[in-house]
Amino acid sequence: MEREGRAVGAASGELVTIGEFSRLSRLSAKALRRYDELGLLRPALVDPVNGYRYYDPAQAERARLVAWLRRIGMPLSRIARVVALDAGAAAVEIRAYWARVEAETAARRDLAMYLVGHLAAEGRAMAAISDGTGSTGGRGVPGGVRGTGGTAGRPGSPGGRSGAVRPGAASGGPGAVPLVIRCAALTDTGAVRTENQDAAFAGPRLLAVADGFGERGAEASVAAIEAFKPSARGVGESGLSAADLLNTLEDTADSVSRAVREAVAPGAAPDGSGTTLTAMLWTGSRLGLVHIGDSRAYLLRGGGLYRITHDHSLVQAMIDDGSLSPEEAASHPERALLLKALVGAGRSAPTAVAARPDIRLREVRAGDRYLLCSDGLSAVVDEAGLREAVIAAETPEDAVRRLVGLAHEAGGPDNVACVVADVVVADAAPGHVSAEGVAAEA
C-alpha cells in the first residue's frame with residue numbers, strides 16, 4: 001500500500017506520501033508524525049480510510065525550518081510560534097531566542113570561571129597548609145571573580161583613580177583600608193511623559209535603578225527595588241565571601257522576580273507589564289551586580305568611563321552579530337524592544353520574556369565612581385557626555401542633578417533614573433544621600 005500510495009502521489013503531481021516527504025524534508029517519518037500531533041506541521045491530507053498522511057511538496061520549506069530550529073535547540077512550543085509568523089517576524093523571534101541563549105551561556109561561563117578560580121584557590125590553600133606555610137599569599141578572592149561583568153568587546157577597567165573622590169587602598173586583604181559608599185539617587189518624569197515609571201535607590205549597601213513598562217510599570221519598578229532591600233539589610237559589616245554573595249544574589253533575583261509578578265498581577269494585562277533592573281549590593285569589599293533589561297551600569301576609573309552591563313535588547317543583539325552599527329541602533333524603530341526583562345506571569349509575547357538576570361561580582365578600588373541609569377538617560381546622552389558630567393561633578397548629588405539636566409537638554413523624551421556612587425575611604429565619607437523614588441523636576 002505504501003508503494004501504491006507513493007505512485008498515486010507522484011502521478012498527481014500534488015501530494016506525496018509521508019515516506020517521500022520524509023526524503024524531501026530530511027525529517028524522519030517518526031518526527032513528522034510527532035510534529036503533526038503537536039500542530040507544527042499538519043499533513044495536507046489524511047486518508048479517512050487507512051489514515052495515511054499525504055503532504056504537499058511545498059510544505060518542505062516549513063519542514064526544513066522546523067528541523068533547523070530543532071538543531072539550534074529551540075523548544076517545540078517556541079517553534080510553533082515561529083513557523084506561524086511571516087519571514088520578517090520569524091527572523092526577529094529567532095534572533096531574540098539566540099540572544100537569550102548566548103546571554104545564558106555567558107552567565108554559565110562566568111559561573112564556571114568562578115568555580116575554577118574558587119577551587120584552584122582552595123587547592124592552593126590546602127597545599128600551603130600541608131607545606132606548613134599556612135598562607136596562600138592571596139586576597140581570599142578567586143581570580144576568576146575579579147573584573148567579571150565587563151561587556152564583551154569592550155576594554156577592561158584599567159587602574160588609576162577617577163579624581164572625583166579621595167584615593168585609598170583597595171579593600172579585601174589583610175590590613176586593607178576600610179571603604180564605604182557615598183551615593184545619591186534621582187528620578188525624573190521627563191519633558192514628555194505624564195507618569196514616572198522609573199525608580200531609583202541609593203543607600204550604604206544597595207544601589208538600584210529600575211525602568212518599568214506597561215500598565216503597571218510603576219508598580220513593577222518599585223516592587224523590584226523593594227524586594228532587593230532585605231538582602232542589603234542582611235549584609236553585615238564584615239561582608240560576605242564571594243561564594244556567599246553569589247548565593248545571596250541568586251536568591252534575591254528569585255525574590256525580585258516573584259515580587260514583580262505579584263505587583264503586576266492586578267492589571268488588566270499583567271503579562272504586558274514589567275521592569276528592567278540594574279542593582280549593586282555592597283559588602284564592604286566588593287560589589288555584587290544583578291542586571292536585566294537595558295538599564296545600565298558604568299564605572300569611572302582612571303579617567304575612563306566603562307559600561308559594565310550588557311543590554312538585553314534586540315538592537316544590542318544586532319550590534320553583537322554585526323548586522324547593525326551603534327549609530328544605526330540609535331534610530332532603529334525597534335530599539336526599545338527587550339529580549340529579557342522582569343515581567344508578569346504567563347507572558348506570551350515572542351520576544352520580551354521573563355528570564356534570569358545576569359549576576360556578576362566586581363572588585364572595587366577607592367576612587368571608583370559608579371553610575372547606574374535607565375535608558376531615559378543613556379538613550380539620549382552619549383557616553384562622552386556621560387563621562388564629562390560624572391567627572392565634572394564634585395559629589396554624587398551634584399552628578400545626578402547634572403545627568404538629569406542633560407536628559408532634559410536632549411528633550412527629555414522618557415522618564416530618567418540615575419544613581420551615582422563613590423567608593424571612598426571610610427574616614428573620608430561625610431555620609432550618603434538617598435533620593436529614593438523622587439521625581440524632581442530638573
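Just so you know, these numbers use all the heavy atoms, side chains as well, and skip hydrogens, waters and symmetry mates. The first residue of the sequence shown is numbered 1, and numbering continues consecutively from there. Please read all numbers here as calculations on a predicted model, not as lab measurements.
Legend: residues meeting side-chain contact (heavy atoms from CB on, under 4.5 Å) with Ala80, ordered by chain and number and at least two apart, are Leu40. Partners of Asp382 by side chain to side chain donor-acceptor pair (under 3.5 Å), not counting sequence neighbours: none found. Legend: residues meeting salt bridge (Lys or Arg N to Asp or Glu O under 4.0 Å) with Arg261, ordered by chain and number and at least two apart, are absent. Judged as a side-chain contact (heavy atoms from CB on, under 4.5 Å), and not counting sequence neighbours, the contacts of Ala67 are Leu27. For Ala410, the side-chain contact (heavy atoms from CB on, under 4.5 Å) criterion is met by Val380, not counting sequence neighbours. In this view, Trp98 and Glu102 satisfy the side chain to side chain donor-acceptor pair (under 3.5 Å) rule, not counting sequence neighbours. Here Ala91 pairs with nothing under the side-chain contact (heavy atoms from CB on, under 4.5 Å) rule; sequence neighbours left out. Asp251 is linked by a salt bridge (Lys or Arg N to Asp or Glu O under 4.0 Å) to nothing, counting only residues two or more places apart in sequence or in another chain. Scored by the side chain to side chain donor-acceptor pair (under 3.5 Å) test, Thr252 finds Ser231 as partners (sequence neighbours excluded). Evaluation of the salt bridge (Lys or Arg N to Asp or Glu O under 4.0 Å) rule for Asp375 yields no partner, not counting sequence neighbours. In this view, Arg34 and Glu37 satisfy the salt bridge (Lys or Arg N to Asp or Glu O under 4.0 Å) rule, not counting sequence neighbours.
Put simply, the side chain of Arg301 never gets that close to the backbone of Tyr306: no donor and acceptor are under 3.5 Å apart. Between the side chain of Arg42 and the main chain of Asp36, a donor-acceptor pair closer than 3.5 Å is present. Put simply, the side chain of Arg402 never gets that close to the backbone of Val390: no donor and acceptor are under 3.5 Å apart. Formation of a donor-acceptor pair under 3.5 Å by the Arg369 side chain with backbone atoms of Ile391 is not found in this model. Between the side chain of Asn415 and the backbone N or O of Gln197, at least one donor-acceptor pair lies under 3.5 Å. His312 places a side-chain N or O within donor-acceptor distance of the main-chain N or O of Gly293, the cut-off being under 3.5 Å. No donor-acceptor pair closer than 3.5 Å links the side chain of Asp422 to the backbone N or O of Val424. The main-chain N or O of Ala259 is never found under 3.5 Å from a side-chain atom of Glu262 such that the two would form a donor-acceptor pair. The backbone N or O of Arg365 sits less than 3.5 Å from a side-chain atom of Asp368, completing a donor-acceptor pair. In this structure a side-chain-to-backbone donor-acceptor pair under 3.5 Å is missing from Lys340 to Pro357.
Side-chain contact check for Asp294 and Ser313: no donor-acceptor pair (N or O, by modelled atom type) lies under 3.5 Å. A donor-acceptor pair shorter than 3.5 Å cannot be found between the side chains of Tyr97 and Arg95. A side-chain donor-acceptor contact under 3.5 Å links Ser295 and Thr276.
Evaluation of the side chain to side chain donor-acceptor pair (under 3.5 Å) test over residues 213-224, restricted to residues two or more places apart or in two chains, returns none.
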Can you list the steps and then say if Leu371 with Cys418 is a side chain to side chain contact (heavy atoms under 4.5 Å, CB included)?
CA-CA 7 Å; Leu371 164 64; Cys418 58; 4.2 Å; yes
Report the C-alpha separation of Val343 and Val264 in whole Å, then their side-chain angles, then the decisive distance to 0.1 Å, and conclude whether the side chain to side chain contact (heavy atoms under 4.5 Å, CB included) test is met. CA-CA 8 Å; Val343 297; Val264 305; over 6 Å; no
Next item on the list: Mind running ring-ring contact (aromatic ring centres under 6.0 Å, His included) on His291 and His310 for me, showing each step along the way?
Entry: CA-CA 8 Å; His291 167 71; His310 197 69; 8.5 Å; no
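In summary, Asp254 and Arg258 do not engage in a salt bridge, as defined by a charged side-chain N under 4.0 Å from a carboxylate O.
Residues Ala224 and Leu277 come closest through the heavy atom pair CB-CD1, 4.3 Å.
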